[in-house]
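First the structure, in the form of structure tokens, and then the observations on it.
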Amino acid sequence: MGFHIANEPDADKVLDEYPFAVLMGMMLDQQYGMEHAFRGGWKVLGRFGTLDPAAIAAAEPETFKELCSQTPAIHRFPGSMAARLQELATLIESKYDGDVTRLWTEPTTGKELFKRVQELPGFGKQKAQIFVALLAKQLGIRPEGWEAVAGDYALDGYRSVADVVDADSLGKVREYKQLKKAEAKAAK
């Protein structure tokens, strides 16, 4: 099964082939459409030539920012996200020797996986829960207790990017998010 999150075949192929692109997409999925966020790796690969965390971490920051800001930009806030992407790449390089898969293949419990994900720049509790659910549902990474740390995102349904497997499920997740925003707004 391949990814269908970016809703763009070439970008989804990059997600299938480059694990760092999946992590990058999750990081960029903030105040930005999820399918656009998950196209970030494809854009960086096409412009920078690699998704190697060491190369991204070592890139000259201003040059990398310009590359990320080219139209179409990697995010609606390309400058700050380029810096965060370099910070993420630096952490993966220093803590996991550049092998992003170690982030999720080494933990033996959901708690340990969740803790590792929360250490990443830009990953608060909810984003970490969603990423744990994405790893479980899309990649089969299911250490003991993953459901408990992922919370409701572990359930069947259309709650988050973890549940996007085609254009139809993308639409259902989008509807769910809009409903939740409307409920939150009404509760204020």
Side-chain angles (χ1 to χ4, degrees), residues 1-107 113-114 116-124 127-128 130-141 160-166 170:
M1 177 176 103
F3 283 103
H4 297 283
I5 298 171
N7 203 26
E8 202 310 319
D10 290 339
D12 283 323
K13 187 175 181 192
V14 169
L15 293 171
D16 291 337
E17 295 176 5
Y18 296 90
F20 189 66
V22 177
L23 184 62
M24 181 188 311
M26 191 72 221
M27 185 205 75
L28 293 171
D29 188 10
Q30 171 184 329
Q31 299 178 21
Y32 197 50
M34 74 182 100
E35 67 273 23
H36 298 289
F38 279 86
R39 291 177 192 157
W42 173 55
K43 292 172 187 176
V44 170
L45 180 63
R47 296 169 192 173
F48 192 59
T50 183
L51 290 179
D52 176 46
I56 291 171
E60 196 283 315
E62 208 48 46
T63 303
F64 192 73
K65 177 181 169 182
E66 288 174 20
L67 172 144
C68 291
S69 299
Q70 291 173 12
T71 304
I74 65 163
H75 193 274
R76 64 189 273 205
F77 305 113
S80 60
M81 287 301 171
R84 184 171 284 171
L85 176 53
Q86 286 194 286
E87 185 183 349
L88 178 68
T90 299
L91 187 144
I92 295 300
E93 179 59 26
S94 65
K95 192 162 186 172
Y96 302 105
D97 297 318
D99 182 357
V100 69
T101 64
R102 287 182 51 204
L103 173 71
W104 56 77
T105 58
E106 291 178 348
L113 174 59
F114 184 70
R116 283 181 175 211
V117 173
Q118 274 199 294
E119 292 172 346
L120 302 171
F123 282 72
K127 186 176 288 235
I130 293 169
F131 193 65
V132 168
L134 183 146
L135 291 171
K137 292 178 176 184
Q138 304 260 355
L139 296 177
I141 307 296
S160 74
V161 68
D163 301 307
V164 176
V165 295
D166 55 25
L170 174 65

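Here the structure is a predicted model, which is why all the values come from computation and not from measurement.
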Checklist entry - At what distance, to the nearest 0.5 angstrom, does NZ of Lys43 lie from OG1 of Thr71? => result 9.5 Å
Item to check | Nearest heavy-atom neighbours spanning Val14 and Ala21 | outcome: CG1-CB, 3.9 Å
Item to check | Under 3.5 Å donor-acceptor, Gln118 side chain and Phe123 backbone | outcome: no
Item to check | Gap between atom CG of Leu23 and atom CD1 of Ile92 - 0.5 Å precision | outcome: 5.5 Å
Item to check | side-chain hydrogen bond (donor to acceptor under 3.5 Å, both in side chains) involving Arg47 - partner list, sequence neighbours excluded | outcome: none
Next on the checklist: Could you report the tightest heavy-atom contact between Pro78 and Cys68, atom names first, then the distance?
Outcome noted: CB-O, 3.6 Å
Checklist entry - Can you name the side-chain hydrogen bond (donor to acceptor under 3.5 Å, both in side chains) partners of Asp10, sequence neighbours left out? => result none
Checklist entry - Minimum heavy-atom separation for Ala57 to Ala89, with atom names? => result N-CB, 3.8 Å
Next on the checklist: What's the separation between atom CE in Met24 and atom CZ in Phe38, rounded to the nearest 0.5 Å?
Outcome noted: 11.0 Å
Item to check | Sequence-distant partners of Phe64, ring pair (Phe, Tyr, Trp, His ring centres under 6.0 Å), two or more places apart | outcome: Phe48
Checklist entry - Can you find a heavy atom in the side chain of Pro53 that is under 4.5 Å from one in the side chain of Tyr96? => result no
Next on the checklist: Could you work out, with salt bridge (Lys or Arg N to Asp or Glu O under 4.0 Å) as the rule, every residue matching Asp12, not counting sequence neighbours?
Outcome noted: none
Item to check | Residues that Glu93 engages under side-chain hydrogen bond (donor to acceptor under 3.5 Å, both in side chains), provided they are two or more places apart | outcome: none
Item to check | Close side-chain approach of Leu85 and Met27, heavy atoms under 4.5 Å | outcome: yes
Checklist outcome for this item: Contacts of Glu106 meeting salt bridge (Lys or Arg N to Asp or Glu O under 4.0 Å) (sequence neighbours excluded), chain-then-number -> Arg102, Arg116
Next on the checklist: Do Lys137 and Val165 have side chains that approach each other closer than 4.5 Å (heavy atoms only, starting at C-beta)?
Outcome noted: no
Item to check | Spatial distance of atom CD1 (Ile56) from atom CG (Leu88) [nearest 0.5 Å] | outcome: 8.5 Å
Item to check | Euclidean distance, Phe77 CZ relative to Gln31 CD, rounded to 0.5 Å | outcome: 5.0 Å
Checklist outcome for this item: In short, ring-ring contact (aromatic ring centres under 6.0 Å, His included) pairs touching residues 6-25 with sequence neighbours left out are none
Next on the checklist: Among residues at least two apart in sequence or on other chains, which ones pass side-chain hydrogen bond (donor to acceptor under 3.5 Å, both in side chains) with Glu35?
Outcome noted: Arg174
Checklist entry - Looking only at heavy atoms, which two atoms of Leu91 and Glu119 are closest? And how far apart? => result CD1-O, 3.7 Å
Item to check | N/O donor-acceptor pair under 3.5 Å between Asp163 side chain and Ser160 backbone | outcome: yes
Next on the checklist: For a quick test of reading the model, state the closest non-hydrogen atom pair linking Leu113 to Leu103 and the distance between them.
Outcome noted: CD1-O, 3.7 Å
Next on the checklist: Does anything in residues 66-91 form a salt bridge (Lys or Arg N to Asp or Glu O under 4.0 Å)? List the pairs, not counting sequence neighbours.
Outcome noted: none
Checklist entry - Step by step, would you call Leu170 with His4 a side-chain contact (heavy atoms from CB on, under 4.5 Å)? => result CA-CA 9 Å; Leu170 174 65; His4 297 283; over 6 Å; no
Item to check | Any residue meeting side chain to side chain contact (heavy atoms under 4.5 Å, CB included) with Thr105, in chain and number order, not counting sequence neighbours | outcome: Thr101
Checklist entry - For Ala83, does its backbone N or O pair with a side-chain atom of Lys65 as donor and acceptor, under 3.5 Å? => result no
Item to check | Distance, nearest 0.5 Å, that separates CZ of Arg39 from CD1 of Ile5 | outcome: 12.0 Å
Next on the checklist: Which residues pass the ring pair (Phe, Tyr, Trp, His ring centres under 6.0 Å) test with Tyr32, not counting sequence neighbours?
Outcome noted: His36, His75
Item to check | Taking every non-hydrogen atom, the tightest pair across Leu134 and Val161 | outcome: CD1-CG1, 3.9 Å
Checklist entry - Would you say Gln138's side chain and Phe3's backbone share a donor-acceptor pair under 3.5 angstrom? => result no
